> 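After the structure tokens below, expect a handful of questions from me.
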Amino acid sequence: MSVILEAQNLTLAWHEDDFIVDGLSLEVREGELVCLVGKSGMGKTTILHALAGLLAPRAGQVLLRGADITGKPGHISYMLQKDLLLPNLRVVDNAALPLVLAGTAKSEARDQALALLDHLGLASVADAWPAQLSGGMRQRVAFARTYLQGNSVVLLDEPFSALDAITRTSLRTWFKRMVAELGLSTLMITHDPDEATLLADRIYVLGKSEVHGVYSRIAGEIIPQHPSETTSEDYTRSNGIPVHDYSLTPEFLEAKSAILALL
């Protein structure tokens with residue numbers, strides 16, 4: 001797979017000597033769902049700001065399909081941790097907002113948004129107000145709005161962290177399916193090793209530098225071994241493990257243990 005998004009030796013700092021990350025490099029390949037895992041306070045969101053062009057790095061480059069987009073916003077879709085739906089707009093108009101802001105006629109923007117909401121299983125709430133939706137529904141609408149920003153590369157900042165465990169589990173499954181169906185190349189940050197192992201094609205783990213206490217570089221890269229359909233059926237027959245419960249497999253536990261060892 002070709003590399004779509006690449007960070008090369010990024011150094012990020014709030015002030016001259018107040019470094020957050022130093023010399024960080026990572027890549028997202030076409031169609032991949034990549035997770036960046038790290039403890040709280042390690043600069044994960046700051047890294048996303050730099051990749052999205054909202055923060056100019058002290059050093060290093062951000063490349064999109066080989067073109068330098070360092071410090072240039074608008075090339076990558078970015079979904080924040082909070083859904084930030086506008087309470088005075090109905091669901092369809094919240095989803096259509098990026099199109100309207102880009103100059104698309106409101107009627108056409110609403111038609112595109114309705115078609116996407118239908119594809120995402122949200123047609124029944126298109127005319128609802130955000131206050132009428134559950135947390136999981138609001139996050140799905142926020143994802144629709146992010147997709148309609150029109151970029152095939154998406155950054156997500158812990159999109160499930162504020163949800164209850166049952167909703168989070170359901171939404172993770174939905175999200176992974178939608179990312180694949182829409183053909184997105186995705187980088188998601190999380191502090192949850194279970195979430196990263198369940199979702200990601202590849203996982204980067206942030207570690208702490210020994211030099212001046214700088215949070216820097218990638219401590220390691222992990223590729224979870226997600227069972228294929230055949231493997232899942234084999235697990236069910238031989239071990240009595242439900243097909244859908246990858247979290248009970250040795251492969252899941254091995255990947256999770258590798259993440260924990262690097263954190």
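In what follows, residues are counted from 1 in the order of the sequence shown. No experiment lies behind these values; they were computed from the predicted model shown.
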> Under the side-chain hydrogen bond (donor to acceptor under 3.5 Å, both in side chains) test against Ser161, which residue among Gln81, Arg168, Glu195, His191 passes?
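The option that passes is Gln81.
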> Do the side chains of Trp129 and Leu86 get nearer than 4.5 Å, heavy atoms only?
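Counting from C-beta outward, Leu86 and Trp129 never come under 4.5 Å.
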> Are the side chains of Leu5 and Leu63 in contact, using a 4.5 Å heavy-atom criterion?
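Heavy-atom side-chain distance check fails, nothing below 4.5 Å.
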> Please report the closest heavy-atom contact between Leu120 and Ala144, naming both atoms and the distance.
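Leu120 and Ala144 have their closest heavy atoms at CD1-CB, 3.6 Å.
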> Measuring from Leu156:CG to Gln139:CD, what's the distance to the nearest 0.5 Å?
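One finds 9.5 Å between CG of Leu156 and CD of Gln139.
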> Is there a side-chain contact between Ile47 and Ile189, using heavy atoms and a 4.5 Å cut-off?
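No, their side chains stay 4.5 Å or more apart.
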> Determine, for Arg29 against Glu27, whether the closest basic-nitrogen to carboxylate-oxygen distance falls under 4.0 angstrom.
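Salt bridge present between Arg29 and Glu27.
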> In plain terms, say whether Arg172 and Asp192 are close enough for a salt bridge, that is, a side-chain N and a carboxylate O under 4.0 Å apart.
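Looking at Asp192 together with Arg172, the answer is yes, because their closest N to O distance falls below 4.0 Å.
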> Working to the nearest 0.5 Å, report the span between CD1 of Ile69 and NZ of Lys72.
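Output value for this atom pair is 8.5 Å.
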> Mind checking whether Leu262 and Ile222 have side chains closer than 4.5 Å, heavy atoms only?
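Side chain of Leu262 against side chain of Ile222, heavy atoms only: contact under 4.5 Å found.
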> Could you report the tightest heavy-atom contact between Leu117 and Ala95, atom names first, then the distance?
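Looking at all heavy atoms of both residues, the shortest contact is CD2-CB, 4.4 Å.
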> Supply the atom-to-atom distance Leu148 CG to Leu116 CG, rounded to the nearest 0.5 angstrom.
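The CG atom of Leu116 is 5.0 Å from CG of Leu148, to the nearest 0.5 Å.
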> Report yes if the side chains of Thr186 and Val34 come closer than 4.5 Å at any heavy-atom pair, otherwise no.
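Answer no - side chains too far apart.
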> How far does CZ of Phe175 sit from CG of Leu184, to the nearest 0.5 angstrom?
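Separation between the atoms: 8.0 Å.
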> Using a 6.0 Å cut-off, check whether atom CG of Leu101 has over 12 heavy atoms from anything other than its own residue.
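Enclosed: over 12 neighbouring heavy atoms sit under 6.0 Å from CG of Leu101.
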> For Glu221, is the CD atom crowded, meaning more than 12 foreign heavy atoms sit under 6.0 Å from it?
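Atom CD in Glu221 is packed in, count exceeds 12.
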> Which heavy atom of Phe143 sits nearest a heavy atom of Met178, and at what distance?
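Looking at all heavy atoms of both residues, the closest pair is CE2-CB, 4.0 Å.
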> Could you pull out the closest heavy-atom pair between Pro73 and Gly53, with the gap in Å?
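Shortest heavy-atom separation between Pro73 and Gly53 comes out as CD-O, 3.5 Å.
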